[in-house]
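Here is the structure we will look at, set down as structure tokens.
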Amino acid sequence: MLVAASLLATLAPTTATAAATGAATEQRVVTTAGSAGGSAKAPRMKVSKARTSTTTQTVKITTTSRVPVLVGSSNKNRKAVASAAARAVAAARAEVAATAQDCPAEYRIPGRVTVDEVTTGLHKGRYASTTMVFGLSGGCGNFGLQTARSFTIDLRTGKKVALARFAAPDAVVTKRATVAALRAQNPSCRSSIVSAGKMRRASGWNVSSKGLRVTYDAGRAAPKTCGAVSAVIPWSDVAPAKALTTPRGKKPVVHAYAHTAYFDAITAIRSTGRLVTVVDSDGASTSCMVGVRTGSKLVSFDSSSRRSVTKLSVKGSDVRFVPAPGMRRLTGATGAKLRKSMMTPSMTRCASLG
């Protein structure tokens, strides 16, 4: 293991256990009120009782649905949540109808739509968020699948918001954080979760006080034999794109270090907003770690999406390693040359936002 990987891995076992435990709670408790509290006037989310209806769209389609319901907010917001849920159900029904429409008449059969799971959250008392997992079947022959649909409503505006409000969806650090969470929280399919380089956007997502919950349809992030997989990514592990860039007019802060115990070993750290990149070279090989900083706490991920937590020294926008025995920061002409010629280009490739 290279120097930086060893340095940043110190607290990883404790952190991984905490993340896995928190996610298990999130999945067991389908409705999470987040920070809204128990006040009758405070917004909260609940799930309705199951309701069955029948429509005819090319074929007869029976729909059994449970939907999220917003309580304790304005009439406008309650309607926004109800409308978004209704559109999700209608879209699922339309998918079955489209399958029937493209099917030879002799193979058409009645369709069925079920809402198998509803996960809700209320983040910061402001964002009403839901993922609905649908089971679709019929329409044509043995057609059947399970698929997730989601929405998040900003209760200040009554409008839907995109994932980018909470996490940079295509950033390297987000993909690595997603892989780490999926592997930790889906142990039976841990070795089958795709790598960060192959990770696509989630089929559905929702937010709560616990973090960003992502859901992947079967075959999207793991083999179909694993079924749908989901995980909660702690807020410490992700950040919106605007938080991962350097403010206008400022340059990224880069520091390089040498290690007396390792010949030719050089480690560089770059801070770009809350995004921290670590490039580690021992003369023969180079590794890259990328992470999100919250204050002096850094949650980082190596190229295999292993999660580590460490503490940094932070003074304003100047982010450095906490001095360790045998670790010497390179200054003057030597440090400037390393930062310019090797570390900065390597970091740019490593920390690419997608």
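For this chain, numbers begin at 1 and follow the sequence in order.
- At a threshold of 4.5 Å between side-chain heavy atoms, the hydrophobic network of Ile, Leu, Val, Met, Phe, Trp and Tyr places L275 and V253 in two separate groups.
- Under the 3.5 Å distance criterion, with hydrogens and angles disregarded, a donor-acceptor pair is assigned to the side chains of R213 and T119.
- By the 4.5 Å heavy-atom criterion applied to side chains, V173 and F301 are counted as neighbours.
- Using a 30° and 60° split on the angle between ring planes, W235 and F166 fall in the tilted class, from 30° to 60°.
- Across G121 and M45, no two heavy atoms sit closer than the pair O-CG, 4.0 Å.
- Counting only N and O atoms by type, the side chains of N206 and S129 include no donor and acceptor under 3.5 Å apart.
- L298 has its side chain out of reach of K311: every pair of non-hydrogen atoms, C-beta onward, lies at least 4.5 Å apart.
- Shortest non-hydrogen contact noted between L312 and F321 is CD2-CD2, 4.0 Å.
- One hydrophobic cluster, built from ILVMFWY side chains closer than 4.5 Å, cannot hold both V89 and V133; they sit in different ones.
- Between D237 and R176, no side-chain nitrogen of the basic residue sits less than 4.0 Å from a carboxylate oxygen of the acidic one, so the salt-bridge criterion is not met.
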V47 and T120: CA distance, side-chain angles, deciding distance, side-chain contact (heavy atoms from CB on, under 4.5 Å) verdict = CA-CA 8 Å; V47 180; T120 67; 4.2 Å; yes
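- For the residue pair S230 / T215, no side-chain donor-acceptor distance below 3.5 Å is found, with atom types taken as modelled.
- A chain of hydrophobic side-chain contacts below 4.5 Å, direct or via other Ile, Leu, Val, Met, Phe, Trp or Tyr residues, connects V319 to M327.
- Of the possible donor and acceptor atoms, none in the side chain of T174 sits under 3.5 Å from a partner among the backbone N and O of D170.
- A donor-acceptor pair is defined here as one N or O able to donate and one able to accept, closer than 3.5 Å; such a pair exists between the side chain of Q185 and the backbone of V232.
- Looking at every heavy atom in both residues, T157 comes nearest to K76 through O-NZ, 3.5 Å.
- Salt bridge D154/R165: present, at least one basic N to carboxylate O contact under 4.0 Å.
- The distance from atom NZ of K175 to atom CZ of R201, rounded to the nearest 0.5 Å, is 9.0 Å.
- Remark: R108 CZ to D102 CG distance equals 8.5 Å, nearest 0.5 Å.
- Minimum heavy-atom separation, L155 to A128: CD2-CB, 4.0 Å.
- Inter-residue side-chain proximity for L122 and P43 is flagged as met; some heavy-atom pair is nearer than 4.5 Å.
- P68 is listed as a side-chain neighbour of F151, based on a closest heavy-atom distance under 4.5 Å.
- Among pairs with a residue in residues 87-97, those fulfilling salt bridge (charged side-chain N to carboxylate O under 4.0 Å, His left out) read E95-R149, at least two apart in sequence or across chains.
- Of the candidates T64, T63, T62, T52 forms a side-chain hydrogen bond (donor to acceptor under 3.5 Å, both in side chains) with just one, namely T64.
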task = Starting from the C-alpha separation in whole Å, work towards a yes-or-no answer on side-chain contact (heavy atoms from CB on, under 4.5 Å) for V292 and V276.
result = CA-CA 6 Å; V292 173; V276 174; over 6 Å; no
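- Annotation: side chain of T267 is in contact with side chain of V278 (closest heavy-atom distance under 4.5 Å).
- Residues A196 and S305 come closest through the heavy atom pair CB-OG, 3.8 Å.
- Residue-environment remark: CZ (R329) exceeds the threshold of 12 foreign heavy atoms within 6.0 Å.
- Side-chain atoms of V59 and Q57, non-hydrogen and from C-beta on, never get closer than 4.5 Å to each other.
- Under the rule for a salt bridge (Lys or Arg N to Asp or Glu O under 4.0 Å), the partners of D318 that lie at least two apart in sequence or sit in another chain are R320.
- Side-chain contact annotation: D217 with T147, donor-acceptor N/O pair under 3.5 Å present.
- The main-chain N or O of A100 is never found under 3.5 Å from a side-chain atom of Y107 such that the two would form a donor-acceptor pair.
- Within the 4.5 Å cutoff, the side chain of I109 has no heavy atoms near those of the F143 side chain.
- In this structure a side-chain-to-backbone donor-acceptor pair under 3.5 Å is present from T245 to K242.
- Among all heavy-atom pairs drawn from V96 and V113, the shortest one is CG2-CG2, 3.8 Å.
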